[in-house]
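Sequence positions, counted from 1, serve as the residue numbers for this chain.
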Amino acid sequence: MYNKSSSQGHRGLGVAVLGAVLNARFAALIPVAASSLPAAPAAAHGESERRNVLDAFSSGLRTSQLVGASAVVLGGVLAAVLLHRAQREDARTESDAVAA
């Protein structure tokens with residue numbers, strides 16, 4: 001049975017994980033002391049630092065997208081392996097039934 005609230009909870013967890021990855025990468029790369037994207041350009045001194053802040057955000061976004069894409073690929077591979085295993089077991093069960 002499909003549980004809609006469980007699905008929504010899993011989506012929320014995925015968004016939280018990707019947001020944490022983005023934030024961690026952004027915070028590690030920003031050249032100014034700020035806690036958010038809107039505050040970082042305001043705290044930057046000069047165009048060079050503002051550009052570095054935006055580059056840090058872009059890097060965080062790329063990293064979080066890479067993590068999300070990796071999770072999707074891993075899930076697809078896992079699903080393919082499990083489906084293949086289930087098909088082999090079904091074939092084995094059918095051949096045992098025919099032999100009996």
Expected list for residues 13-24: side-chain donor-acceptor pairs under 3.5 angstrom, two or more places apart:
none

For residues 57-80, the side chain to side chain donor-acceptor pair (under 3.5 Å) pairs (sequence neighbours left out) are Arg25-Ser59
Atom pairs and distances, side-chain donor-acceptor, residues 71-90, under 3.5 Å, sequence neighbours left out:
none

Got a list of side-chain donor-acceptor pairs under 3.5 Å for residues 37-48, not counting sequence neighbours?
none

Same cluster (ILVMFWY, side-chain, under 4.5 Å), Leu29 and Val53 | no
Are Ile30 and Phe57 side-chain neighbours, meaning at least one heavy-atom pair lies under 4.5 Å?
-> no
